[in-house]
Amino acid sequence: MAEIRVERLHKTFGDFVAVRQSDFVVDDGDFFVMLGPSGCGKTTTLRMIAGLELPTSGRIMLGGKDVTNQRARERDIAFVFQLFALYPHMNVRNNMAFPLKAMGMPRKQIRERVEETAKLLRIDHILDSSVSGLAGGDRQRVALGRAIVRRPDCFLMDEPLGTLDTEFRDLMVNELRDLHDRIHATTVYVTHDQLEAMSMADKIAVMNHGIIEQFGTPDEIYQHPATMYVADFIGSPPMNFVHFESGLPPGGARISLDGNAVELPRLIHSADYGKKALGVRPENVLIDDSSGLRGAIYGSEYLGTNQVLTIETSHGMLKARVPSHQQFSLGDNVGLGFMTETLSVFDADTGRALATERTPPTLRDHYHG
Ligand code: ATP
């Protein structure tokens with residue numbers, strides 16, 4: 001097992017910058033997810049860690065060793081691709097044994113290793129079946145088996161669940177995390193799916209146009225987004241933004257919306273005048289009829305245990321997640337409140353979060369004051 005350290009990693013294709021000065025550390029045994037939309041540089045970063053692509057500049061350390069210029073086969077890494085090609089003419093056992101045979105491992109040891117790995121993945125009952133007749137989930141488990149049977153220092157996975165239907169996908173998300181908790185191999189996992197990222201990762205890097213916008217735990221990224229991009233990308237529906245021109249006094253604690261005072265978390269550094277945005281997650285918008293901040297119900301989406309209301313206000317459309325038993329009709333005029341202790345404040349020009357008293361001290365350095 002090994003720590004992966006990426007320093008000032010940069011990759012250009014001609015004039016195009018695919019990965020810009022990335023810095024992050026994946027701790028030994030962590031499950032790390034690179035999350036972002038198509039084309040943001042996730043796969044390019046992964047391919048550089050694997051040794052399949054040379055960086056334009058920067059350094060990659062694996063277990064404390066500089067591997068930047070090492071070939072892929074010299075790195076103790078297993079790569080699981082989305083469409084992992086299994087050998088269709090071989091059974092499950094021989095597919096899984098293949099990498100060990102290529103390493104020249106003795107037959108008895110191969111047999112033991114394959115059977116142990118198959119048990120771990122709960123595919124020991126299909127070891128002698130042909131892979132061509134297997135269902136999608138089992139094929140993917142065999143593919144994983146073939147990757148982990150070598151017991152490499154790290155796993156790199158590029159959208160490995162991308163081709164599975166929803167039912168198998170949910171199952172595999174749980175199985176992958178469960179497997180990780182049992183073998184603790186350092187894992188880098190690439191996906192554009194925030195639910196996969198949030199449910200599996202120890203740490204997430206949210207990427208945008210080759211830049212890591214935020215690196216942190218799922219909770220930090222959800223509760224304390226470092227930028228408006230992250231706040232918007234994570235969460236369904238995403239965070240609401242209420243724009244205002246400040247005026248915030250040093251340590252500023254309240255603003256006025258429609259003549260209604262809205263308490264803000266206190267800023268750590270004084271904020272100068274300028275365009276700001278208040279960030280509030282839909283579950284932290286309260287229906288409060290005593291409030292002077294008002295809006296009209298524009299739409300509602302029933303989700304069983306709760307419902308998501310779309311409310312038209314003079315500050316734009318806001319989404320509120322409220323219990324489903326509360327009854328509303330389209331056009332109802334409602335008062336709105338925000339839970340102060342959950343609010344984020346952003347500089348609307350740069351999109352970066354301002355450090356407030358609710359920003360954990362460990363994150364404050366990453367926020368602009
Ligand atoms: P996806 O999920 O669509 O693969 P991604 O976040 O993994 O997205 P990358 O595959 O890393 O993105 O690609 C980042 C950008 O670099 C894209 O705009 C892509 O077109 C470009 N790119 C990647 N490889 C090359 C290449 N060999 N030559 C030129 N451009 C490339």
Side-chain angles (χ1 to χ4, degrees), residues 4-26 30-60 62 67-72 75 77-85 136 140 143-144 147 154-166 168-169 172-173 176 186-201 203-216 218 221 225-236 238 351:
I4 300 171
R5 184 174 287 270
V6 162
E7 294 173 350
R8 314 297 292 162
L9 195 66
H10 197 76
K11 179 70 183 179
T12 54
F13 295 107
D15 290 341
F16 179 76
V17 181
V19 176
R20 191 181 292 269
Q21 308 286 351
S22 270
D23 275 304
F24 59 85
V25 178
V26 186
D30 257 9
F31 197 117
F32 167 63
V33 175
M34 279 193 282
L35 173 68
S38 181
C40 69
K42 308 179 295 288
T43 298
T44 306
T45 307
L46 200 70
R47 286 175 59 81
M48 289 192 280
I49 297 172
L52 298 171
E53 195 83 67
L54 267 181
T56 309
S57 59
R59 201 156 77 129
I60 299 165
L62 195 60
V67 297
T68 316
N69 296 310
Q70 263 186 7
R71 290 163 195 269
R75 305 182 189 190
I77 278 177
F79 207 123
V80 183
F81 291 99
Q82 182 178 3
L83 296 169
F84 201 101
Q140 204 70 28
L144 276 173
C154 329
F155 291 109
L156 307 183
M157 304 192 187
D158 194 353
E159 307 250 11
L161 311 184
T163 53
L164 299 183
D165 60 32
T166 318
F168 275 129
R169 209 175 162 129
M172 285 306 289
V173 163
L176 267 179
T186 311
T187 302
V188 183
Y189 186 102
V190 159
T191 182
H192 63 273
D193 183 317
Q194 56 164 307
L195 290 180
E196 277 183 25
M198 298 298 270
S199 47
M200 282 195 278
K203 299 270 175 52
I204 298 175
V206 183
M207 293 190 70
N208 176 25
H209 292 306
I211 293 171
I212 295 181
E213 294 258 339
Q214 187 169 6
F215 178 91
I221 282 174
T227 63
M228 291 172 79
Y229 174 85
V230 173
D232 186 59
F233 191 77
I234 303 286
S236 179

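Heavy atoms only: backbone and side chains are in, while hydrogens, waters and symmetry mates are out. Both ligands and their constituent atoms are indexed starting at 1 by order of listing.
Among protein heavy atoms, atom 2 (O) of ligand 1 sits closest to Lys42 NZ, 3.6 Å. The protein heavy-atom contact nearest to atom 14 (C) of ligand 1 is Gly39 O, 3.4 Å. Considering only non-hydrogen protein atoms, atom 9 (P) of ligand 1 sits nearest to Thr44 OG1, 3.5 Å. Protein heavy atom nearest atom 4 (O) of ligand 1, with residue, atom name and distance: Thr43 OG1, 3.6 Å. Remark: minimum distance from atom 27 (N) of ligand 1 to any protein heavy atom is reached at Phe13 CE2, 3.5 Å. Here the protein heavy atom with the shortest distance to atom 3 (O) of ligand 1 is Ser38 OG, 2.6 Å.
Of the protein's heavy atoms, none falls inside 4.0 Å of atom 19 (C) of ligand 1.
Assignment of Cys40 to the shell around ligand 1 is supported, since a heavy atom sits closer than 4.0 Å. Assignment of Pro37 to the shell around ligand 1 is supported, since a heavy atom sits closer than 4.0 Å.
Residue Phe16 has no N or O atom closer than 3.5 Å to an N or O atom of ligand 1.
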Taking distance alone, no hydrogens or angles, what donor-acceptor pairs closer than 3.5 Å link side-chain atoms of residues 12-22 to residues at least two apart or in another chain?
from, atom 1, to, atom 2, distance (Å)
Thr12, OG1, Thr56, OG1, 3.4

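Leu9 has its side chain out of reach of Arg59: every pair of non-hydrogen atoms, C-beta onward, lies at least 4.5 Å apart. Side-chain atoms of Thr187 and Val33, non-hydrogen and from C-beta on, never get closer than 4.5 Å to each other.
Remark: the backbone N or O of Met207 is not paired with any side-chain donor or acceptor of Lys42 at under 3.5 angstrom. When atom types are taken as modelled, the side chain of Arg75 and the backbone of Cys154 share no donor-acceptor pair closer than 3.5 angstrom. Judged by distance alone, the side chain of Gln214 and the main-chain N or O of Ala226 form a donor-acceptor pair under 3.5 Å.
Using cut-offs of 30° and 60° on the angle between ring planes, the pair Phe24 and Phe215 is parallel.
A 6.0 Å sphere centred on NE2 of His10 holds more than 12 heavy atoms belonging to other residues, nucleotides or ligands.
The contact set between ligand 1 and Ala18, taken as ligand atoms under 4.0 Å from a residue heavy atom, comprises 16 (O).
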